[in-house]
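A short worksheet on the structure shown next.
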Amino acid sequence: MTILDTFKTTNYSKINNKGSLTFSAPSNIALVKYWGKKENQIPANPSLSFTLNNCKTVTTLQYEPKNDKNISFDLLFEGQPKESFRPKIQKYFERIQDLCPYILDYHFTIDTKNTFPHSSGIASSASGMAALSANIIALEKLVNPNETEDYYLQKASLLARLGSGSACRSIKGNIVVWGETESIENSSDLFGVEFPYEVNAIFENYQDTILLVDKGEKQVSSTVGHELMHNHPFAERRFQQAHENIAKLKEILKSGSLTEFIALVESEALTLHSMMMTSMPYFILMKPNTLEIINQIWKFRETTNIPVCFTLDAGANVHVLYPNNYKEEVQNFIADELAKYCQNNQFIHDEMGFGVESLS
Ligand code: PMV
């Protein structure tokens, strides 16, 4: 029996009445980046992220018992039908049906909303898939209440991973590791685990302001980007580097050395984008204003000695990271010097959060 088999629900009952569940899930920002995957959403390298608090998806799952054994659902976004989400959700249900056969007993109505502006260009797949998976696991608890809390958490993360890789880091914990790596005990390729070691108080309520540089559709999706890591000339060295960087970050999170933190985090962001630029075909997701912002951050850090740094996800937007005790200075700097590089001067202040919440 493989570990995956332990997550297959075999004994379960059927609920005879209609019901409804609601969960919120936050987005997360990777410090050590996941880029490249194997089959079944298994990461090519381990990653570590800070969970966010304000950028959330809230999903209500209504379930209604039925007699056939087909996948059946309606999709709503803010109460209105949203057919464009259907293929992604259909694929998600197909991927999880062996692990969660009870889903075939119900017709679902899934109603989703985001707490961040929907035109913001922020990827909502991490929070969206985490919120949906939290609901599915809450349903599982109703039909099979006999497992441990740890089991349900791991399985929620595993399901989220099958929806969108990085979503597995949005279930529980403020710092989450996904991907088996020697320096993190109990780390797994199947699900995210809460960072299990001491964390310096300087990282409490760490701040992340997301600068919305480009809200347009990305030219290259992350699915395609991951794919291009196959046969990439630098892939193996990069995957190895991610393991090394997680081991280093473990020590930095303990010591609280922000100089080392900044060097590692910014290097990871630029490495991610260098992988894109050295793929075949190659591509660039940063925009001129992404670079303007990076240079402004470096200048500000040099002149003020305030330990602010940046990271990037798979797009042009910039995440500005800084300790809570410099909130005022950095937020003034953002409003005065960085907002002008954002589309419609838009940015979102966020900070470290803790994962999914039941709103039922
Ligand atoms: O979860 P995906 O397939 O959208 O990939 C996310 C990849 C990055 O955001 C670039 C890095 C990460 O670890 O979140």
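Each ligand, and each atom within it, is numbered from 1 in the order the structure gives.
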Counting only N and O atoms by type, is there a donor-acceptor contact under 3.5 Å from the side chain of T2 to the main-chain atoms of D5? yes
Nitrogen or oxygen atoms of S166 and ligand 1 under 3.5 Å apart: yes
For residues T51 and I175, report the shortest heavy-atom separation together with the two atoms involved. OG1-N, 4.4 Å
Using a 4.5 Å cut-off on heavy atoms from C-beta on, say whether the side chain of Q343 contacts that of Q346. no
Proximity flag S164 to ligand 1, non-hydrogen atoms under 4.0 Å: yes
Regarding ligand 1, does H226 bring an N or O atom to under 3.5 Å of one of the ligand's N or O atoms? yes
Would you mind telling me if ligand 1 is within reach of the side chain of L272, the backbone, both or neither, using heavy atoms under 4.0 Å? side chain
Specify the protein heavy atom at minimum distance from atom 9 (O) of ligand 1: its residue, its atom name, and the distance to 0.1 Å. D313 CB, 4.1 Å
If you measure from each non-hydrogen atom of A30 to ligand 1, which part falls under 4.0 Å: side chain, backbone, both or neither? side chain
Which is closest to atom 14 (O) of ligand 1 by heavy-atom distance: R169, Q41, M276? R169
For N28 and ligand 1, does the shortest N/O to N/O distance drop below 3.5 Å? no
Can you confirm whether or not the ring centre of Y322 sits under 6.0 Å from the ring centre of F300? no
Greater than 12 external heavy atoms within 6.0 Å of E329's CD: yes
closest protein heavy atom to atom 11 (C) of ligand 1 is Y34 O, 3.4 Å
Any donor and acceptor pair, going by atom type alone, linking the side chain of Q207 with main-chain N or O of E351 inside 3.5 Å? no
For K91, does the NZ atom have more than 12 heavy-atom neighbours from other residues, nucleotides or ligands under 6.0 Å away? no
Test salt bridge (charged side-chain N to carboxylate O under 4.0 Å, His left out) applied to E268 and K248, step by step: CA-CA 12 Å; E268 270 290 322; K248 283 184 195 159; over 6 Å; no
Show me which atoms of ligand 1 lie under 4.0 Å from any heavy atom of A314. 10 (C)
Do ligand 1 and S222 have nitrogen or oxygen atoms that lie under 3.5 Å from each other? yes
